[in-house]
Amino acid sequence: MRTRSHTAGQLREENTGETVQLCGWVHARREQSSDLVFIDLRDRYGITQLVFDSEDSGSALPPKAKELHLEDVIAIRGQVRARDKANTRFETGAVEVVVTELQVLSRTANPPLIPSDEKNLPSEEIRLKHRYLDLRRPKMQHILRTRHRVSKCARDYFDDHGFLEIETPNLTRSTPEGARDFLVPSRNQAGMWYALPQSPQLFKQILMVGGADRYLQICRCFRDEDPRADRQVEFTQIDCEMSFVDRKEVLAIMEGFARTLWNEILGVDLPEFDQITYQDAMDRFGIDRPDTRFALELVDVSDLCATTDFKVFTEALGKPRGVVKAICVPGGAAKLTRKITDGYSKFVQNFGAGGVPVTKVANGTLEAGIAKFVEPIAAQLIERLGAQDGDTILFGADTYSVATKALGELRQKVARDMDLIDESKWNFLWVVDFPMFEWDEETSRFYAMHHPFTAPADHELERFMGMDPSDTEGIESIVSDGYDMVCNGSEIGGGSIRIHQQDVQKKVFQLLGISEEEAKLKFSFLLDALGFGAPPHGGIAFGLDRLVMHLTGTDNIRDVIAFPKSLSGADLMCEAPNVVDDEQLTELHVKSTAKPSR
RNA sequence: GGGGCGGUAGCUCAAUUGGUUAGAGUUCCGGACUGUCUAUCCGGUGGUUGCGGGUUCGAGUCCCGUCCGCCUCGCCA
């Protein structure tokens, strides 16, 4: 007995009287007496109650049932019977199966994780180590199923729109820029290395040159950087690219995908996505992926504060690109205690700011905190912020980038503290008009904000091609044709219209300080391809893991990956990474320089 | 690489100011009970307090080091 006639989620009242055969795990055991035992049988499809009853079956089955442990694997034969009182927790709750035959297919040791115990979820360390037990939990089964449905929805939607699914290599070459690569030594070519792809970016562009026209791939990407709650070293993209399109057309297709997905999985009809420019997002929200489920917008009050004698403000405004910005927190006076706002000062220090000057609105003017310093501009501040009695005003004063970033992060923290986030909302938006380049202080050079293959916006092309590499202000101001899809403050997709002209691509390399020789050495395949008739093209990559996180309501990326890695990049179940034999290393022409400590 | 939190029974947690034999729930083991719903009731087993040092009459508790997990800054074109 190792096959089944039905799954554990299948039986209904109309099956009453049928003789059935079921297989699965012992989810719960309720021993009513030595002659009456209930077992909840679980498989991927659901849970069915089994009854072992000596009166009904006339057999000695109940004593055998008593020997069953949670998570034993069993097969049973029995008769479906309607129940007097249905159990509404299970889809099969209207019936039960009176067992006449029982076979234990597999015993279990005392498990460190009990899938039916929803109250005492073991530590994540144990969940990861015994992943096969964790995956049995109904919640994890739901996530796995949702992830499958998202992949299927992507394939169906893009197939409907003419996209071809095409695979690209996982063993590829390392290219400069971007994240740290995972490397694979070559056996055949001593001293040479493959790199695992950070994304199939160049391959998908070359597929466009190859005439694929519309491409889709659900592909694994690898970036050897420290993980976060929403980031893994190994993650999955829904990667798309289209030929002969402009930004408008790409956004329409991709927005259509997100809308289809949310409808398919959640039954939610999303409204048309808002668009916001990068500059606007930074000015108003202090972040390039604003969460618009709440207001608390950043307001520039530099001009007002310049007239005060408050040293924190005047010193900030004396810096290059110095600003003073403020957030008005409605009703903050009652909830944001001195202790909390002191904590905010500490919080923003994580982002390089000195602290958070605070004041409150009362009786139509400002009181407490830095009120005495801003007294002369109190009326104007209140008016510009639209503040009312009982509000708290939080300031950020520093260079534009520091003040903006600190207040942007603070804005989100305050929203959580004040419970201002409506969790039922789905606020999607496109962030557009990113800068092409970003200055890096440490290395004193420009980097591509998105990646070096992003095209300048159409109206910028002439200015871009004439740009002098020494004109840092000019370079910084060039707007690209890149875009991000943002959902509730989380970036779920990003892409751009790509460069399809060789001379434009060469100009990007020039402005990035990549010499012609280096460009030829590292990117000749791309430059060559662009020289043989490349169609205008653009695309996007969605973070599949993050989409599933949103659709299943988890804030932990490990929950949506069957076999995820810990923060140190370890697979706690199979214990990767691990040592290898010396012979393997020799064959690969590799010698470790690690100290033999462990 | 930096900052923070955590590691005590198979699992989830507790243990006062450093002080008696490290407790409870659950799993597991044994028993009672014929309609349970993660059943209930009675009894029992179960501990290298992550690991290594140190301080002390005495350390789960304090100190130093180290490993692991989580959150986070840097990083993530």
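All of these numbers come straight from a predicted model, not from anything done at the bench. No hydrogens, no waters, no symmetry mates; every other heavy atom, side chains included, goes into these values. Reminder, nothing fancy here: chain letters follow the sequence lines and each chain counts from 1.
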What's the NE2-C1' distance between A:His27 and B:rU36, to the nearest Å?
15 Å
Please find the pair of heavy atoms, one from A:Pro112 and one from A:Leu133, that lie closest to each other, and give the distance.
CD-CD1, 3.7 Å
Could I get the full list of side chain to side chain donor-acceptor pair (under 3.5 Å) partners for A:Arg223, not counting sequence neighbours?
none
Which of B:rC75, B:rC28, B:rU36 is nearest the side chain of A:His69? It is B:rC28
Measuring to OP1 and OP2 of B:rG25, would you say a side-chain N or O of A:Lys119 lies under 4.0 angstrom away?
no
Side-chain donor-acceptor pairs under 3.5 Å in residues 567-577 of chain A, sequence neighbours left out?
unit_1: A:Ser568; atom_1: OG; unit_2: A:Ser566; atom_2: OG; d: 3.2
unit_1: A:Asp571; atom_1: OD1; unit_2: A:Met573; atom_2: N; d: 2.9
unit_1: A:Asp571; atom_1: OD1; unit_2: A:Cys574; atom_2: N; d: 3.1

Restricting to nitrogen or oxygen on both sides, can you table the protein-nucleotides 40-45 of chain B pairs closer than 3.5 Å?
none

Quick one: which residue pairs count as a ring-ring contact (aromatic ring centres under 6.0 Å, His included) with a foot in residues 497-524 of chain A, not counting sequence neighbours?
A:Phe453-A:Phe523, A:Phe509-A:Phe523
In Watson-Crick or G-U wobble terms, with both distances under 3.5 Å, the base opposite B:rU61 is none
Atom pairs, protein N/O to nucleotides 1-11 of chain B N/O, distance under 3.5 Å:
unit_1: B:rG1; atom_1: O6; unit_2: A:Asp226; atom_2: OD2; d: 3.1
unit_1: B:rC11; atom_1: O4'; unit_2: A:Pro112; atom_2: O; d: 3.4

Among all residues two or more places apart in sequence or in another chain, which pass the side chain to side chain donor-acceptor pair (under 3.5 Å) test with A:Tyr215?
A:Gln217, A:Asp239
Strand contacts (RNA chain B) in residues 41-55 of chain A, 4.0 angstrom heavy-atom criterion:
A:Gln49, A:Asp53, A:Ser54, A:Glu55
For A:Trp439, what residues pass the ring-ring contact (aromatic ring centres under 6.0 Å, His included) criterion, not counting sequence neighbours?
A:Phe446
Pairs involving residues 492-513 of chain A, ordered by first then second residue, that meet salt bridge (charged side-chain N to carboxylate O under 4.0 Å, His left out) (sequence neighbours left out):
A:Glu241-A:Arg498
By side chain to side chain donor-acceptor pair (under 3.5 Å), which residues pair with A:Gln279, not counting sequence neighbours?
A:Asp283, A:Tyr400
The salt bridge (charged side-chain N to carboxylate O under 4.0 Å, His left out) partners of A:Asp559 (sequence neighbours excluded) come to A:Arg127
For RNA chain B, the residues among residues 563-577 of chain A that have a non-hydrogen atom under 4.0 Å from it
A:Ser566, A:Leu567, A:Ser568, A:Ala570, A:Leu572
